[in-house]
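For reference, the structure is listed below as structure tokens.
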Amino acid sequence: MTKTLRAGTGLALSLISGAALAEWKFDFPEPAADLTEQITHLHHMTSWIAFWIMVVILAVVGYSIFRFRKSVGYQADQEFHHSWWGRWSWVVVPVIVLGIDLSIAGQASKTFAQIESPIEPDLTLKVIGSQWKWTYEYVDHTVDGKPVRFTSTLLPKEEAEKQGEPWLRSVDKPVVLPVNKNIRILNTATDVLHNWWVPQVAPKKDAIPGYINETKAFIKREGVYRGQCAENCGRGHAFMPIVVKAVSEEAFNQWIEEQKQQLAAAAEAAAKTWSKEELLARGEEVYKKNCMACHQANGMGVPNVFPALKGSKVATGPVEGHIKVVLNGRTGSYGMMPPWRDILNDGEIAAVITYERNAWGNDTGDLVQPADVGAQR
Ligand code: HEC
Ligand SMILES: [Cu+2]
């Protein structure tokens, strides 16, 4: 008995330790943009109205129970509905309730109109949801006609611990946005419904394959804002966090310049012929980041869900067929293999295919060069 008691007390104490208390917050994170401020304000207003309605109702109920209590067998008032209050309460109470409803709806429809109204954007960010990662495209910033574009994925646990970042709330590459600019956000998806949800930054809209949903942000404060996918999108739904880094205009311009240089360097690298070591090393990186979630680290897949690549007919058969599947995706008995043509460049696809053809005992010895992939685009 005392043992259980002690264990229980220990557990209770550990639950209310200082660290836990420091994290203990009731409210939403503080909004950082104009529209999200309004949305949070609406929530607070509605909650307070609901709270005071509850107080009034509980008071009336409590008073009635106490004031009109009668012993068993007492016959209730049969004439109540003949009194003035008995007649008019059926009108007065709904009118009050409707009045409160409309005053909430009035405020809300103002905010809603603002959410839906078009803006003159200073910057357009296209957000593409896929199982289970986010791809970002800065459509106004291009190199040779191709926009700055990258994919952002969950930071693995060991890596998050090393960097002191919260696991499941951190990504390998945050999306960077400038403050005090009108940012248009275009949401879409490649496979199933996703939802790019960063409550401090922008109103939430579904990301739907084949459609573009528009939302926007005017971020007022620099900072790091975290979010996650808000549409149940399958097995990895909980593992596609979002990190927005809001920075000054100068810092943003510098960052976007760096991205452009990286893009140019990648295009150059994709044009050359790679050595076997380069292909395998890069291929393993690409595989871990993009393919491992489904096909697994050992290339064995998941029985009946994701096919094994170890010994697979495609990964050990003709190279062209392998490139085709990875570029265009495929839908077959297992379900859908997503297309990678818009997510990975020729160099990355060549590397990952070379890796798959030489890992896990798939000793084909084949080397696939970026030009081979380019030829099939
Ligand atoms: C979201 C899960 C998912 C991810 C991520 C994924 N695949 Fe697939 N992959 C599949 C499914 C499902 C199939 C089987 C489709 C079918 O039934 O035809 C498949 C099939 C394949 C095949 C054909 C295998 C065979 O023997 O038929 C290859 C090759 C392949 N994937 C390579 C890749 C590469 C390379 C990547 C990373 C760039 C990748 N996959 C990422 C789900 C995925
Ligand atoms: Cu999702």
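Quick caveat, the model's predicted, so the values are computed rather than measured. First listed ligand is number 1; within each ligand, the first listed atom is number 1.
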Legend entry - Lys324 side-chain N/O to Val319 backbone N/O, donor-acceptor pair under 3.5 Å: no

Inset, instruction - Decide whether an N or O pair under 3.5 Å exists between Ser312 and ligand 1. - result: yes

Legend entry - Winner among Arg330, Lys313, Met337 once heavy atoms are compared against atom 27 (O) of ligand 1: Arg330

Legend entry - Minimum non-hydrogen distance to atom 36 (C) of ligand 1, winning option of Gly283, Ala351, Pro339, Cys291: Cys291

Inset, instruction - Tell me which part of Met336 gets within contact of ligand 1: side chain, backbone, both or neither, using heavy atoms under 4.0 Å. - result: backbone

Inset, instruction - Test Val175 against Leu125 for side-chain contact (heavy atoms from CB on, under 4.5 Å), laying out the working first. - result: CA-CA 10 Å; Val175 55; Leu125 176 73; 3.9 Å; yes

Inset, instruction - Using a 4.0 Å heavy-atom threshold (strictly under), name the region of Leu309 that reaches ligand 1: side chain, backbone, both or neither. - result: side chain

Inset, instruction - Could you tell me which atoms of ligand 1, counted from 1 in the order shown, lie closer than 4.0 angstrom to a heavy atom of Glu356? - result: 29 (C), 32 (C), 33 (C), 34 (C), 35 (C)

Legend entry - Mode of Trp340 contact toward ligand 1 - side chain, backbone, both, neither (heavy atoms, under 4.0 Å): side chain

Inset, instruction - Give the single entry among Lys288, His295, Lys289 that approaches atom 6 (C) of ligand 1 most closely by any heavy atom. - result: His295

Inset, instruction - Would you kindly specify which portion of Phe306 sits under 4.0 Å from ligand 1, judged on non-hydrogen atoms: side chain, backbone, both or neither? - result: side chain

Inset, instruction - Give a yes or no on whether Asn195 keeps an N, O or S atom under 2.8 Å from the Cu ion (ligand 2). - result: no

Inset, instruction - For a salt bridge (Lys or Arg N to Asp or Glu O under 4.0 Å) with Lys205, tell me which candidate from Glu116, Glu231, Glu214 qualifies. - result: Glu116

Legend entry - Metal site the Cu ion (ligand 2): N/O/S of His237 inside 2.8 Å: no

Inset, instruction - May I have the step-by-step check of ring pair (Phe, Tyr, Trp, His ring centres under 6.0 Å) for Trp134 and Phe150, ending in yes or no? - result: CA-CA 8 Å; Trp134 298 101; Phe150 61 88; over 10 Å; no

Legend entry - Check: Gln131 N/O within less than 3.5 Å of ligand 1 N/O: no

Inset, instruction - List the closest protein heavy-atom neighbour of atom 17 (O) of ligand 1: residue, atom name, distance to the nearest 0.1 Å. - result: Tyr334 N, 2.8 Å

Inset, instruction - Check whether the ring centres of Tyr355 and Trp274 lie less than 6.0 Å apart, and answer yes or no. - result: no

Inset, instruction - Each residue besides Phe68 in its hydrophobic cluster should be listed here, by chain and number; the cluster joins Ile, Leu, Val, Met, Phe, Trp and Tyr at side-chain heavy-atom distances under 4.5 Å. - result: Tyr63

Inset, instruction - Please verify whether a non-hydrogen atom of Gly335 lies at under 4.0 Å from ligand 1. - result: yes

Legend entry - Gly332-ligand 1 polar pair, N/O distance under 3.5 Å: yes

Legend entry - Residue that, paired with Thr111, satisfies side-chain contact (heavy atoms from CB on, under 4.5 Å) out of His41, Glu37, Gln38: Gln38

Inset, instruction - Could you tell me if any non-hydrogen atom of Ser333 lies under 4.0 Å from any atom of ligand 1? - result: yes

Legend entry - Salt bridge flag under 4.0 Å for residues Lys181 and Glu249: yes

Legend entry - From Gln296 atom CD to Cys291 atom SG, the distance as rounded to the nearest 0.5 Å: 11.5 Å

Inset, instruction - Work out the angle at the Cu ion (ligand 2) between SG of Cys229 and SG of Cys233, rounded to 10°. - result: 120°

Inset, instruction - Give a yes or no on whether a salt bridge exists between Glu284 and Lys288, defined as a side-chain N under 4.0 angstrom from a carboxylate O. - result: yes

Legend entry - Asp172 and Lys289 ion-paired at < 4.0 Å: yes

Inset, instruction - Answer yes or no: is there an ion pair linking Arg226 with Glu165, defined by an N-O contact shorter than 4.0 Å? - result: yes

Inset, instruction - May I ask you to list the atoms of ligand 1 that are less than 4.0 angstrom from any heavy atom of Cys294? - result: 1 (C), 2 (C), 3 (C), 4 (C), 5 (C), 43 (C)

Legend entry - Contact (N/O only, under 3.5 Å) between His322 and ligand 1: no

Inset, instruction - State the atoms of ligand 1, each with its element, that fall below the 4.0 Å cut-off from a heavy-atom position in Val325. - result: 22 (C), 23 (C), 28 (C)

Inset, instruction - With the Cu ion (ligand 2) as the reference point, give the N/O/S atom of His194 that is nearest. - result: ND1

